[in-house]
Q: 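Please find one structure pasted underneath; my questions will follow.
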Amino acid sequence: MLTKSNIEVIFKSKLFYLLIGLLFIIPLLYEKMPIRIDITQQESLPQKVWITYSDLTINTNYILFNPPKNKYMNNSDIKYLKKIVCKEGDFLKVKNRDYFCNENYIGTASYFDGEHKPVENFIFNGIIPKDKYFVSGEHILSYDSKYFGFIDKSQILRKAKPFF
C-alpha cells in the first residue's frame, strides 16, 4: 500500500527522474535514428510496416516526405510515404487525367476525393526538372503527385523499404 512516506521516497528517487527523462528523450532520439521501423496509417500502399533510413542514398524508390501545403493539405504534421514513379530527366505527360512517365502509364487522377469533393489534378507535360520527383500510391484515392505535383529533394525525410 502506498503511503505518504512511500510516495515521497519515490519522488526523491533518482530512478524516478531517470524514467521521467527517458519518456521525453526517447521520442526525440527515435526521430534521429539512422534505421527505424515506421508504420503507415494511409491506405495508399499495400504495405503498412516499413524500414526507413536517414541515409538518402539507399537504393529504393519509396520515400517518406513532407507533402507540399495547398488547399487540400494544411496539416504540416502529416508525413507521406509514396513510391517514386517518375524522376528528374524523365518525360512526364498528362493526357486528360491519365499520367505517363516516358510513355509508360502510371495512373489516373480521380475527379473526387474520398469525401466526394471535387479535386483538381496536377498538369505538366515535359521533362521533370532537377531534384524533383513524381510520387504515387497504389490505392485509387491515393493523395499523391497527381494532385499536389512534384516533390522536391529537400522535402524527403527518409528512404523506405517494405518490412516484409
Q: Just so I know, are the side chains of Val94 and Phe100 near enough to count as touching, which here means a heavy-atom distance under 4.5 Å?
A: no
Q: Do Ile151 and Ile84 sit in the same hydrophobic cluster, where Ile, Leu, Val, Met, Phe, Trp and Tyr count as joined when their side-chain heavy atoms come under 4.5 Å apart?
A: yes
Q: Verify the distance criterion only: is there a donor paired with an acceptor across the side chains of Lys82 and Ser142 at less than 3.5 Å?
A: yes
Q: What is the distance from atom CG of Asn102 to atom NZ of Lys93, rounded to the nearest 0.5 Å?
A: 11.0 Å
Q: Taking all non-hydrogen atoms of both residues, which atom of Tyr80 and which atom of Pro67 are closest, and how far apart?
A: CD1-CG, 3.9 Å
Q: Working to the nearest 0.5 Å, report the span between NZ of Lys83 and CD of Glu138.
A: 7.0 Å
Q: I'd like to know if Asp152 and Lys132 make a salt bridge, using a cut-off of under 4.0 Å between side-chain N and carboxylate O.
A: yes
Q: Are the side chains of Asp90 and Cys101 in contact, using a 4.5 Å heavy-atom criterion?
A: yes
Q: With heavy-atom distances below 4.5 Å as the criterion, would you say the side chains of Ile63 and Leu81 are in contact?
A: no
Q: Do Ser136 and Lys146 touch side chain to side chain, with heavy atoms closer than 4.5 Å?
A: yes
Q: Are Ile51 and Ile58 connected, step by step, through hydrophobic side chains (Ile, Leu, Val, Met, Phe, Trp, Tyr) whose heavy atoms are closer than 4.5 Å?
A: yes
Q: Is the number of heavy atoms from other residues, nucleotides or ligands under 6.0 Å of Leu141 CG greater than 12?
A: yes
Q: So, are Lys48 and Glu43 salt-bridged, with charged N and O less than 4.0 Å apart?
A: yes
Q: Set out, in order, the CA-CA distance, both residues' side-chain angles and the distance that settles side chain to side chain contact (heavy atoms under 4.5 Å, CB included) for Leu64 and Trp50, then state yes or no.
A: CA-CA 10 Å; Leu64 181 70; Trp50 297 82; over 6 Å; no
Q: Can you name the nearest heavy-atom pair linking Phe124 to Ile127, along with the distance?
A: CZ-O, 3.5 Å
Q: Roughly how far apart are Gln42 CD and Asp144 CG, rounded to 0.5 Å?
A: 10.5 Å
Q: With a 4.5 Å cut-off on side-chain heavy atoms, are Gln47 and Phe163 touching?
A: no
Q: Between Val85 and Tyr105, is there shared hydrophobic-cluster membership here, with clusters defined by ILVMFWY side-chain heavy atoms closer than 4.5 Å?
A: no
Q: Over all heavy atoms of both residues, which pair between Val135 and Ser145 is shortest? Give the atoms and the distance, please.
A: N-OG, 2.9 Å
Q: Do Asn59 and Lys159 come close enough that some side-chain heavy atom pair is under 4.5 Å?
A: no
Q: Report the C-alpha distance between Val49 and Ile37 in whole Å, list the side-chain angles of each, state the deciding distance to 0.1 Å, and finish with yes or no for side chain to side chain contact (heavy atoms under 4.5 Å, CB included).
A: CA-CA 7 Å; Val49 182; Ile37 303 291; 3.7 Å; yes
Q: Between OG1 of Thr52 and CD1 of Ile39, what distance do you get to the nearest 0.5 Å?
A: 11.0 Å
Q: Yes or no on side chain to side chain contact (heavy atoms under 4.5 Å, CB included) for Ile156 and Tyr133, after CA distance, side-chain angles and deciding distance?
A: CA-CA 10 Å; Ile156 298 173; Tyr133 302 93; 3.9 Å; yes
Q: Is a side-chain donor-acceptor pair under 3.5 Å present for Tyr99 with Asn121?
A: yes
Q: List the atom of Leu157, the atom of Lys79, and the distance in Å for their closest heavy-atom pair.
A: CD1-CD, 3.3 Å
Q: Does a side-chain heavy-atom distance below 4.5 Å link Ser54 with Arg158?
A: yes
Q: Would you say the side chain of Ile128 lies within less than 4.5 Å of the side chain of Lys87, judging by non-hydrogen atoms?
A: no
Q: I'd like to know if Ile106 and Ile123 are part of one continuous hydrophobic network [Ile/Leu/Val/Met/Phe/Trp/Tyr, side-chain heavy atoms within less than 4.5 Å].
A: yes
Q: Under the ring pair (Phe, Tyr, Trp, His ring centres under 6.0 Å) rule, what do Tyr143 and Phe148 come out as? Steps first, then yes or no, please.
A: CA-CA 8 Å; Tyr143 184 63; Phe148 55 67; 5.2 Å; yes
Q: Are Phe65 and Ile78 linked, directly or through intermediate hydrophobic residues, by side-chain heavy-atom contacts shorter than 4.5 Å (ILVMFWY only)?
A: yes
Q: For a quick test of reading the model, state the closest non-hydrogen atom pair linking Pro129 to Phe150 and the distance between them.
A: CD-CE1, 4.1 Å
Q: As a quick check of understanding, evaluate side chain to side chain contact (heavy atoms under 4.5 Å, CB included) for Ser110 and Tyr147, giving each step before the final call.
A: CA-CA 9 Å; Ser110 177; Tyr147 308 100; 3.4 Å; yes
